[in-house]
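What's counted below: heavy atoms across the whole structure, side chains too, no hydrogens, waters or symmetry copies.
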Amino acid sequence: MSTRNTRWFSQALLPWYREHGRALPWRGKPDPYRVWLSEVILQQTRVDQGLAYWQRFVDRFPGVQDLAAATEGEVLKLWQGLGYYSRARNLLVAARQVVRDFRGTFPGTHAELITLKGVGDYTASAIASICFGQPDAVVDGNVYRVLARVFGIEIPVDSTEGRKRFKALAQELLDHDHPGDHNQAVMELGATVCTPKNVACLLCPVQGRCIAFASGRIDALPVKKGVAKTRDRYFNYLHIRTSNGLYLRQRTGKDIWQGLWEPPLIESGAPLTAKKLQERLGPGWQVRSRGEEAKHVLSHQVIRAVFWDVTPPKREKLDPGWKAMDAAAVRAVAVPRLIEQWLKRAGI
DNA sequence: CACGCGTGGTT
DNA sequence: TAACCAAGCGT
């Protein structure tokens with residue numbers, strides 16, 4: 001049990017936050033449903049990117065019961081373009097958990113909140129502190145950066161030891177009288193002042209006690225072990241359009257874009273020539289033209305996609321998982337950005 | 001517990 | 001440009 005003085009941190013941060021914190025729509029009167037929605041949307045996502053999505057979800061699903069009654073397809077469609085689609089699938093699962101397990105009312109403790117799918121330690125702490133005044137400190141990327149700099153901590157934040165130490169420090173610093181504002185203040189400082197690059201130390205309320213600032217180590221903190229390298233993948237999409245419409249199929253399995261729709265896909269270990277594709281498809285298929293190539297960069301993959309214009313053999317039984325869709329049907333299903341952009345360019 | 005999961009902004 | 005990073009989570 002540390003007895004060092006930690007009060008100054010919150011005492012400097014809270015007034016700054018109340019004057020400079022952004023007026024985000026879920027602040028003010030914090031309704032757990034709206035806060036939960038914002039927290040899930042903002043996982044690994046910037047406020048600027050997530051804000052419009054939050055508004056769409058609140059408009060379409062004003063309460064957790066409304067969301068619980070939705071289909072996965074509709075939730076994915078509303079989520080389209082935001083990435084990390086497991087968040088959308090888990091969002092629906094969690095909404096149904098709240099209705100079934102908690103009679104439609106969000107639970108108010110960390111232990112109960114964390115039972116919800118897609119709600120981990122961070123999100124449970126955020127909801128518990130912001131909506132229910134519980135003394136649970138949040139630790140996100142902002143908190144790692146702020147604490148590493150202010151306290152001059154060189155332990156890698158992406159290590160088991162680091163996660164443990166930063167969590168303990170954040171909990172020690174937490175203002176128990178204002179846990180929600182305190183948590184949001186640290187994150188807001190990290191998002192707007194104590195940023196990864198272009199740090200605004202001159203505007204920082206704790207500059208006077210910041211070890212990294214005093215020792216000129218702002219750019220060296222926080223320490224990270226490193227990121228996993230990316231792999232290249234080659235996607236050959238089959239553009240098949242008949243009088244029945246455009247053929248799409250839904251992605252399944254553990255791969256990317258689970259639950260989203262795309263044209264029939266042949267993945268290869270290297271770029272494919274028209275002849276090679278023809279061999280893969282088999283007799284009767286016509287490879288009419290090689291469409292544009294699109295480079296799509298994900299966090300751990302680089303996808304090089306080619307859209308091939310092909311015609312299946314007459315009277316050939318196509319894969320039953322391939323669905324012929326008219327324009328309205330295509331617009332109604334969720335597609336990855338890569339496919340969304342192709343559809344747009346192709347005028348579909 | 002190390003890894004995989006999207007997209008977009010910034011440098 | 002390639003690299004880095006963002007209000008993390010599930011497995």
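A:D48 comes within contact range of no nucleotide atom at all, as no heavy-atom separation falls under 4.0 Å. The residue A:I41 sits apart from the nucleic acid: no heavy atom pair falls under 4.0 Å. The residue A:G190 sits apart from the nucleic acid: no heavy atom pair falls under 4.0 Å. Using a 4.0 Å heavy-atom distance criterion, A:R251 is classed as making no nucleic acid contact. Residue contacts shown for A:L260 are absent, as no nucleic acid heavy atom lies under 4.0 Å away. Here A:I256 lies in heavy-atom contact (under 4.0 Å) with sugar-phosphate atoms only. Residue contacts for A:K225: at a heavy-atom cut-off of 4.0 Å it reaches no nucleic acid atom on any strand shown.
Between A:H296 and B:dT7 there is a side-chain polar atom (N or O) within less than 4.0 angstrom of OP1 or OP2. The phosphate of B:dG4 (OP1 or OP2) has no side-chain N or O of A:W257 nearer than 4.0 angstrom. For A:Q301, a side-chain nitrogen or oxygen approaches OP1 or OP2 of B:dC5 to under 4.0 Å. Contact annotation: A:K295 side-chain N/O to B:dT7 OP1/OP2 distance is not under 4.0 Å.
A:D158 places its CG atom 10 Å from the P atom of B:dA2, with the value rounded to the nearest Å. Nucleotide B:dG4 holds its P atom 8 Å from the CZ atom of A:R231, rounded to whole Å. If you measure from atom NZ of A:K224 to atom C1' of B:dC3, you get 16 Å, rounded to the nearest angstrom. The separation between A:Q341 atom CD and B:dG8 atom C1' is 11 Å, rounded to whole Å. Rounded to a whole Å, the CD atom of A:Q80 is 9 Å from the P atom of B:dT7. Atom CG in A:N198 sits roughly 17 Å away from atom P in B:dG9 (whole-Å rounding). Rounded to whole angstrom, the span from the NE2 atom of A:H182 across to the P atom of C:dA7 amounts to 16 Å. If you measure from atom NE2 of A:H300 to atom C1' of C:dA6, you get 13 Å, rounded to the nearest angstrom.
Checked against B:dG8, C:dA7, B:dA2, the side chain of A:E39 finds its nearest nucleotide in C:dA7. Of the candidates C:dA7, B:dA2, B:dT11, the closest approach to any side-chain atom of A:R163 belongs to B:dA2. Taking the side chain of A:R46 as heavy atoms from C-beta on, and the options B:dC5, C:dA7, B:dG8, the nearest nucleotide is B:dG8. Distance from the side chain of A:T160 is smallest to B:dA2 among C:dA7, B:dA2, B:dT11. You'll find that the side chain of A:R145 is closest to C:dA7, out of B:dC5, C:dA7, B:dT7.
Under the Watson-Crick or G-U wobble criterion, with both distances below 3.5 Å, C:dC9 is paired with B:dG4.
Taking 4.0 Å as the cut-off between side-chain N and carboxylate O, A:E340 and A:K344 do not count as a salt-bridged pair.
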What's touching nucleotides 8-11 of chain C from the protein side, N or O pairs under 3.5 Å?
| unit_1 | atom_1 | unit_2 | atom_2 | d |
| --- | --- | --- | --- | --- |
| C:dG8 | OP1 | A:G141 | N | 3.2 |
| C:dG8 | OP2 | A:Q44 | N | 2.7 |
| C:dG8 | OP2 | A:Q44 | NE2 | 3.2 |
| C:dG8 | O5' | A:Q44 | N | 3.4 |
| C:dC9 | OP1 | A:G120 | N | 2.8 |
| C:dC9 | OP1 | A:T123 | N | 3.0 |
| C:dC9 | OP1 | A:T123 | OG1 | 2.7 |
| C:dC9 | OP2 | A:Y122 | N | 3.3 |
| C:dG10 | OP1 | A:G118 | N | 2.4 |
| C:dT11 | OP1 | A:K117 | NZ | 3.4 |

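A:S125 and A:N183 are not linked by any side-chain donor-acceptor pair at a separation below 3.5 angstrom, with hydrogens and angles left out of the test. Using a 3.5 Å distance cut-off with no hydrogens or angles, the side chains of A:N90 and A:R87 do not pair a donor with an acceptor. Side-chain polar atoms of A:S10 and A:H182 form a donor-acceptor pair below 3.5 angstrom. When only modelled atom types and interatomic distance are considered, A:D136 and A:S129 share no side-chain donor-acceptor pair under 3.5 Å. At a cut-off of 3.5 Å, with distance as the only test, no side-chain donor of A:Q80 or A:Y85 sits close to an acceptor on the other residue. Side-chain contact of A:R233 with A:Q301: a donor-acceptor pair under 3.5 Å is present, judged by distance alone.
To the nearest whole angstrom, the two P atoms, one in C:dT11 and one in B:dG6, are 14 Å apart. Between C:dG8 and B:dC1, the two C1' atoms lie 15 Å apart (nearest whole Å). Of the P atoms belonging to B:dT10 and C:dA7, the separation is 13 Å, rounded to the nearest Å.
In terms of position on DNA chain C, the residue among A:Q184 and A:K197 whose nearest nucleotide sits closer to the 5' end is A:K197.
Judged by the 6.0 Å distance and 45° axis criteria, A:R56 is positioned over the aromatic ring of A:Y53. By the 6.0 Å and 45° rule, A:R249 does not stack over the aromatic ring of A:W261.
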